[in-house]
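First the structure, in the form of structure tokens, and then the observations on it.
Because only heavy atoms are used, hydrogens play no part in the values below, and waters and symmetry mates are left out as well, while side chains stay in. Keep in mind it's a predicted model, so treat the numbers as computed, not measured. Each residue takes its place number in the sequence, starting with 1.
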Amino acid sequence: MEANLRWAAVTAMAPVAWGTNYFVTRGFLPPDHALYGAAFRALPAGLVLLALSRTLPRGAWWWRSAVLGLLNVSVFFALIYIASQLLPTSVASTVMATSPLTMMLIAWPLVSERPRAAPLAGAAIGLAGVCLMLLAGTDTVNVGGVLASAAAMVMSSFGYILAKRWSSDVDVLASTTWQLVAGGLFLLPVAAAVEGRPPAVSMPTLLAFAYVALVATALAFVAWFAGLRHLPAGTVGLIGLLNPATGVLLGTALAGEALTVHQVCGLILVLAGVALGRPVRARKRVHSVQCRSCALSSETHRSMSSTGSRRTRKCRRTGACSVMR
């Protein structure tokens, strides 16, 4: 249980960082350069992690890195950049909160994780809170921004579950690195063809790009994929609800966005959904076994020591070696 809570805390670093990314992108990064913005976010982060991991893909991981780089980085980052420019911070982060249900449904066929009742209920409660925050805001919602954010959510949810399915045989740092580098390399030529010359970058903009690349990307993605490896996808998706919660709080505190009573109630529902879907203690299966020498119960069986064979044990009460059944 303690290990699960520890991994949940590590995973939570990602959505909190992503929640701040909307505010930084909207306030400090150049508009109308979504492709360059996505490339400048992904490639520096990937290169920093590559310097740390010093590992290149092998075998199937060359094409896997390309697929995951497109889903989780290239398309996702570009859509998020567009959504961040078109929507208020609170709204842009809120739309992404539909990801828990999406991740649970995708994880069922791909990684054989059947949704449990508690995470499903938590996702439903969190989604209700998201709708309350989104529909009760005072700002006019840009439909194009909402569609961009929703498309980013679907793309990334599918990509995250694919990464969970494929990444069991490689280090988390290495697989995250390959995705970011591949995604950044895909974005650069497309950005040059579509958007022309890169945008002019001032010192505040450069610092904002550094934060987005190192904190909201490199650190956040390593934490997120580590959580996906150690926790059920549904639990990780629910932790992702901290993304809109962070976005709403930052939008209110720093961007001067109005926070209504309905949005406060929605925020409470989101946090309640995260709490309901928290990691639970795995139930240990207790097999009914007995020692042929003294017929010890299964509870006493825990105190027996192995003699080397999987089915032969030494009973501490009698000292006799008996085959367990």
Side-chain angles (χ1 to χ4, degrees), residues 11-22 25 34-35 37-39 41-42 45-46 64-84 86-87 91-111 113 123 126-127 130 145-167 172 175-184 186-187 212-213 216-229 231-247:
T11 308
M13 296 168 60
V16 171
W18 292 336
T20 64
N21 176 64
Y22 295 101
T25 300
L35 295 175
R41 176 185 177 185
R64 288 178 179 178
S65 299
V67 172
L68 295 177
L70 280 172
L71 292 174
N72 295 335
V73 178
S74 300
V75 179
F76 176 62
F77 283 8
L79 290 172
I80 285 296
Y81 198 97
I82 294 171
S84 300
L86 295 178
L87 298 173
V91 177
S93 59
T94 295
V95 176
M96 288 292 294
T98 53
S99 62
L101 282 174
T102 306
M103 288 180 66
M104 289 182 203
L105 293 177
I106 296 175
W108 193 349
L110 288 186
V111 293
E113 287 184 3
L127 183 58
V130 165
V146 172
L147 291 177
S149 188
M153 180 274 299
V154 175
M155 285 278 191
S156 61
S157 295
F158 182 61
Y160 295 154
I161 301 304
L162 275 183
K164 181 179 178 68
R165 176 172 180 171
W166 289 342
S167 299
V172 171
S175 63
T176 305
T177 299
W178 303 334
Q179 293 179 55
L180 290 171
V181 172
F186 284 141
L187 282 165
V212 167
T217 303
L219 177 62
F221 269 75
V222 170
W224 184 254
F225 287 122
L228 276 171
R229 177 165 299 190
L231 298 172
T235 299
V236 174
L238 283 172
I239 294 173
L241 291 175
L242 294 175
N243 181 338
T246 303

Taking all heavy atoms of A39 and all of G184, pick out the closest pair and write down the distance. CB-O, 4.5 Å

With no hydrogens and no angle check, is any side-chain donor or acceptor of S167 less than 3.5 Å from a backbone partner on K164? no

Could you give the distance from CD1 (I82) to CZ (F77), rounded to the nearest 0.5 Å? 14.0 Å

If you take all heavy atoms of A152 and F76, which pair is closest and at what distance? O-CD1, 3.4 Å

Atom CE of M104 and atom CD1 of I161: how far apart are they, to the nearest 0.5 Å? 10.0 Å

Looking only at heavy atoms, the pair that brings S157 and T102 closest together is CB-CG2, 3.7 Å

Shortest non-hydrogen contact from L180 toward G46: CB-CA, 3.6 Å

Can you tell if the side chain of I239 reaches within under 4.5 Å of the side chain of P15, non-hydrogen atoms only? yes

Rounded to the nearest 0.5 Å, what separates atom CH2 in W166 from atom OG in S65? 9.5 Å

Could you work out, with side-chain hydrogen bond (donor to acceptor under 3.5 Å, both in side chains) as the rule, every residue matching T25, not counting sequence neighbours? N21

Using the side-chain hydrogen bond (donor to acceptor under 3.5 Å, both in side chains) criterion, which residues pair with S74? Sequence neighbours excluded. none

Hey, does T11 have a side-chain heavy atom less than 4.5 Å from the side chain of T235? no

With sequence neighbours excluded, tell me which residues meet ring pair (Phe, Tyr, Trp, His ring centres under 6.0 Å) with Y160. W224, F225

Could you tell me whether the side chain of T20 and the main chain of A17 form a donor-acceptor pair under 3.5 Å? yes

Considering all heavy atoms of both residues, which atom of A220 and which atom of A14 are nearest to each other, and what is their separation? O-CB, 3.2 Å

Spell out, as yes or no, whether a donor-acceptor pair under 3.5 Å connects the side chain of S84 to the backbone of I80. yes

Distance, nearest 0.5 Å, that separates CZ of R165 from CG of L228: 15.0 Å

Closest non-hydrogen atoms of I106 and P109, given as atom of the first, atom of the second and distance, are O-CD, 3.1 Å

Looking at CG of L70 and CE of M155, how far apart are the two atoms once the value is rounded to the nearest 0.5 Å? 9.0 Å

Return the CZ to CG distance between F158 and L71, rounded to the nearest 0.5 Å. 6.5 Å

